[in-house]
> 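My questions all concern the structure below.
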Amino acid sequence: MQRYRYNSTLRNTFLVDIEAARELMIEVGLKEGFTSNNTLIISQFIDQMLNQLEEITSPN
């Protein structure tokens, strides 16, 4: 049961962080262009977080 709570809390934290990064990426994209270096860096960071989220939520 404890592991479930940990994964649930960690999952929710990732989701909040991913959403914040997504909003930042859109903001930067609108200012600098969606192919700017900063926008792409944020996009890659989001991809990394999504991969980590997949790792913690996939059944073992």
Side-chain angles (χ1 to χ4, degrees):
M1 187 64 145
Q2 187 65 27
R3 182 181 169 121
Y4 173 76
R5 286 187 191 151
Y6 171 76
N7 281 347
S8 178
T9 301
L10 189 57
R11 179 183 178 279
N12 289 340
T13 300
F14 266 106
L15 291 175
V16 168
D17 289 347
I18 289 167
E19 181 60 24
R22 188 186 69 80
E23 290 175 8
L24 176 62
M25 181 182 67
I26 292 169
E27 182 180 324
V28 171
L30 289 171
K31 288 181 182 175
E32 299 180 13
F34 286 100
T35 58
S36 77
N37 192 45
N38 288 330
T39 304
L40 296 177
I41 288 171
I42 298 168
S43 176
Q44 291 170 348
F45 178 68
I46 293 169
D47 288 343
Q48 290 172 356
M49 286 193 295
L50 287 168
N51 289 336
Q52 290 176 338
L53 178 63
E54 178 67 25
E55 284 180 26
I56 65 164
T57 57
S58 65
N60 293 332

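Bear in mind the structure is a predicted one, so any value in this text is a computation, not a measurement.
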> To the nearest 0.5 Å, what is the distance between CG on D47 and CD1 on I42?
12.0 Å
> Could you state the interatomic distance from CD (E55) to CD (Q52), rounded to the nearest 0.5 Å?
6.5 Å
> Roughly how far, to the nearest 0.5 Å, is the CE atom of M25 from the CD atom of Q44?
11.5 Å
> Among all residues two or more places apart in sequence or in another chain, which pass the side chain to side chain contact (heavy atoms under 4.5 Å, CB included) test with L40?
none
> What pairs with Q48 under side chain to side chain contact (heavy atoms under 4.5 Å, CB included), at least two apart in sequence or on another chain?
F45
> Using salt bridge (charged side-chain N to carboxylate O under 4.0 Å, His left out) as the criterion, list what pairs up with E32, not counting sequence neighbours.
none
> Quick one: CE on M49 to CD on E54, what's the gap to the nearest 0.5 Å?
15.0 Å
> What distance do I46 atom CD1 and N51 atom CG have between them, rounded to the nearest 0.5 Å?
12.0 Å
> Is there a donor-acceptor pair closer than 3.5 Å between any side-chain N or O of T39 and the backbone N or O of T35?
no
> Do you reckon V28 sits in the same ILVMFWY cluster as I41, going by side-chain contacts under 4.5 Å, direct or chained?
no
> N12: what forms a side chain to side chain contact (heavy atoms under 4.5 Å, CB included) with it, not counting sequence neighbours?
S8, L15
> Is it possible for you to say whether L50 and L24 belong to one hydrophobic cluster, with membership spreading through side-chain heavy-atom contacts below 4.5 Å?
yes
> Given a cutoff of under 4.5 Å between side-chain heavy atoms of I, L, V, M, F, W and Y, with clusters grown through shared members, what are the other residues clustered with L30?
I26, F34
